[in-house]
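Note that the structure is predicted; figures quoted are calculated from it, not measured. All residue numbers refer to positions in the sequence shown, counting from 1.
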Amino acid sequence: MKTDLRKVLSISGQPGLYLYVSQAHQGAIVEALATKKRTCCPMSARMTSLADIAIYTDEEEMRLQEVFEKMHAHLGENDAPAAKSDPKVLKGLFEEVLPTYDRDRFYVSHMKKVVEWYNILKNNASLDFESLDEAEASEEE
């Protein structure tokens, strides 16, 4: 099953990633990808869809989906380095996967989030992503 990054959320102050399930009266019902536990997230929580996140590069911004696809092509079936890895290891990974990343605006703290999210998706969802065209077509049906 393909992963629709528009429905995968990062919630400020909460660890991990969440799958949007449905709208609730006071917010949104989300399911933790790692534990499959459902909870109601209030409307006041800052939720960000992974489809809305991009990485700064020297030329332009690159959508997170493209970064994940490049990481998967580079790493194969291996996990990305842990988020708590040495910063040199993380920088080395991104220098190989995304050699044009903007070294002034894409910090190690961002790299940690990206590898953590990559590993969560790899182990609990799928790295086979729906294209935006596919996702829009399935919504129209």
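H110 and F106 have parallel rings, their planes meeting at less than 30° on a 0 to 90° scale where 60° marks the start of perpendicular.
Considering all non-hydrogen atoms of both residues, R103 and P99 come closest at NH1-O, 3.1 Å. Of all heavy-atom pairs between T3 and S126, the closest is OG1-O, 2.8 Å. Heavy-atom minimum distance, K91 versus V108: CE-CG2, 3.5 Å. In this structure, I120 and G16 approach most closely via the heavy-atom pair CD1-CA, 3.7 Å. Taking all atoms of both residues into account, the shortest heavy-atom contact from L90 to A83 is CD1-O, 4.0 Å. The two atoms that bring K36 and L33 nearest to each other are NZ-O, 3.2 Å, heavy atoms only.
K122 places a side-chain N or O within donor-acceptor distance of the main-chain N or O of E77, the cut-off being under 3.5 Å. Side chain of S49 to main chain of L5: a donor-acceptor pair is present (N/O by atom type, distance under 3.5 Å, no hydrogens or angles).
The side-chain heavy atoms of D79 and Y118, taken from C-beta on, include no pair separated by under 4.5 Å. Residues L50 and L121 form a side-chain contact, since some pair of their non-hydrogen atoms from C-beta on lies under 4.5 Å apart. With contacts defined as side-chain heavy-atom distances shorter than 4.5 Å, the pair L98/E66 does not qualify. With contacts defined as side-chain heavy-atom distances shorter than 4.5 Å, the pair V114/M71 qualifies. By the 4.5 Å heavy-atom criterion applied to side chains, Y101 and M111 are counted as neighbours.
Around atom OH of Y56, no more than 12 heavy atoms belonging to other residues, nucleotides or ligands sit under 6.0 Å away. In this structure, K84 places its NZ atom where only 12 or fewer heavy-atom neighbours from other residues, nucleotides or ligands lie under 6.0 Å away.
In this structure, the separation between CD1 on I55 and CZ on R105 is 11.5 Å, given to the nearest 0.5 Å. One finds the CG atom of L93 at 9.5 Å from the OG atom of S85 (value rounded to the nearest 0.5 Å). One finds the OH atom of Y18 at 15.0 Å from the CD1 atom of I29 (value rounded to the nearest 0.5 Å). Annotation: the span from C41 atom SG to E31 atom CD amounts to 14.0 Å, rounded to 0.5 Å. Note that CG of L127 is 13.0 Å distant from NZ of K2, once rounded to the nearest 0.5 Å. Rounding to the nearest 0.5 Å places CD of E69 at 8.5 Å from CG of D128.
The pair D86-K88 does not count as a salt bridge, with every side-chain nitrogen at least 4.0 angstrom from each carboxylate oxygen.
A single hydrophobic cluster is seen to contain both M47 and Y20, as judged by linkage of ILVMFWY side chains at heavy-atom distances under 4.5 Å, directly or through other members.
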Inset, instruction - Go through the steps for V8 and W117 under the test side-chain contact (heavy atoms from CB on, under 4.5 Å), then give the verdict. - result: CA-CA 10 Å; V8 178; W117 293 341; over 6 Å; no
Inset, instruction - For V115 and F94, run side-chain contact (heavy atoms from CB on, under 4.5 Å): C-alpha distance rounded to whole Å, both residues' side-chain angles, the deciding distance at 0.1 Å, then the answer. - result: CA-CA 10 Å; V115 296; F94 282 96; 4.0 Å; yes
